[in-house]
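Given the structure is predicted, the values throughout are model-derived calculations rather than measurements. Position 1 is the first residue of the sequence; numbering continues from there. Remember, it's 1-based here, ligands and their atoms both numbered in the order they're listed. These numbers come from the heavy atoms of this one structure, side chains and all, not from hydrogens, waters or symmetry mates.
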Amino acid sequence: MKHLIDKLEKNRILTKEEFMYLIENRTPETAEYLFERARAVRQKYYGRDIYLRGLIEFTNYCKNDCYYCGIQKSNKNASRYRLTKEQILECCKTGYELGFRTYVLQGGDDPFFTDEKIIEIIREIKKGYPDCAITLSIGEKSYESYKSYFDAGADRYLLRHETADEEHYSRLHPKELSLSGRKQCLKDLKEIGYYVGSGFMVGSPYQTDENLVEDLLFIKELNPEMVGIGPFIPHHDTSFREFKGDNGELTLFMIGLIRLMIPNVLLPSTTALGTIDPYGREKGILSGANVVMPNLSPVNVRNKYLLYDNKICTGDEAAECRSCLENRMKKIGYDVVVSRGDIRTEAIKGE
Ligand code: 5AD
Ligand code: FES
């Protein structure tokens, strides 16, 4: 087992069979070895720094019906909201004062926010906070739309591929959505010049270990700047409510593998990890992650942006989450830094 982990660190890739073997035969000991190597590799590029991203969940309206997601349009129990441009800017102001230098605008696929509106929001944020990076996470759009947001000042785009297997993709999404459409979007985003984040859920319904290997190989090929992976957690208003959600251990293992596969990649320790385990985010960092994404959304809408059950931090002010995370990171020996947190392409001198 260890020799495969060493091989992955050296070559930054394994064969499909080798990845399968590692995943299927993992033990707590091999996982610990993997995490040790992942931390060492992360240290080379990022030292003990943890990058912050301020997440602004600006709409929970969605025209799609992804079967896993709590804000799918068919969920009649979801209480829908949209933030105004002024509210979004207010979140940015709070965030700036708290030391955030990057904002992630995330929302459902909400036709109310036309390209024009999105562009205006991007421009205003950039005008007020020219030293901050803007990340969009608003789903599948045309090349032209992506290009217009980029030209307006958006820097990064998060679009998880969710699963790299066609058949599995079709079991998680209605027929209007396809893996090929998703891949086209990721290709367009890269071509336009965005820093791209992709990723997948671990333990989503019907997922096999082989699917996870396909996800790893897809990520390797895409070579994104960021990889967001988190455990699937069921939402009570979805058809996936009965599926189990205890996928933390496997998620951590995936984080470690991805760190070795793309040494300088930006890897968030996600809220979903923190939801299934009170120390999930710490464990994510100790498995090789280097980013946390605290919530900057106004408190009165937080309990409405529920993609899954029991989401943490829905009652806390942005400042509380900021200092909570700083303390948590400190306790495990890492420092939250005030920075745009761009991807580093060179190892730190002396490492
Ligand atoms: N459990 C975990 N993650 C989820 N997401 C959506 N629904 C769930 C769920 N039930 C993830 C998807 C999406 C991201 C914003 O949240 O991967 O891309
Ligand atoms: Fe939100 Fe700890 S990060 S309360």
Nearest protein heavy atom with distance in Å, relative to atom 14 (C) of ligand 1: Arg160 NH1, 4.0 Å

Under 4.0 Å to a heavy atom of Met201 - the qualifying atoms of ligand 1, by number: 2 (C), 3 (N), 4 (C), 5 (N), 8 (C), 17 (O)

Six-ring centre of Phe58, Arg82 cation under 6.0 angstrom, axis tolerance 45°: no

Ser148 side chain reached by Ile119 side chain, heavy atoms, under 4.5 Å: yes

Cys69 heavy atom under 4.0 Å from ligand 1: yes

Nearest candidate to atom 7 (N) of ligand 1, where distance is taken over non-hydrogen atoms, out of Phe240, Tyr68, Phe200, Phe232: Tyr68

Part of Glu162 with heavy atoms under 4.0 Å of ligand 1, whether side chain, backbone, both or neither: side chain

Output field: ring centroids Phe240/Tyr68 closer than 6.0 Å: no

Near-ring test Phe112/Tyr61, centroid separation under 6.0 angstrom: no

Heavy-atom nearest neighbour in the protein, as seen from atom 16 (O) of ligand 1, with distance rounded to 0.1 Å: Leu307 CD1, 3.4 Å

Sub-4.0 Å heavy-atom approach of Pro231 to ligand 1: yes

His161 and Phe200 aromatic ring geometry - parallel, tilted or perpendicular at 30°/60° bounds: tilted

Top protein contact for atom 10 (N) of ligand 1, by heavy-atom distance: Ile233 O, 2.7 Å

Six-ring centre of Phe100, Arg53 cation under 6.0 angstrom, axis tolerance 45°: no

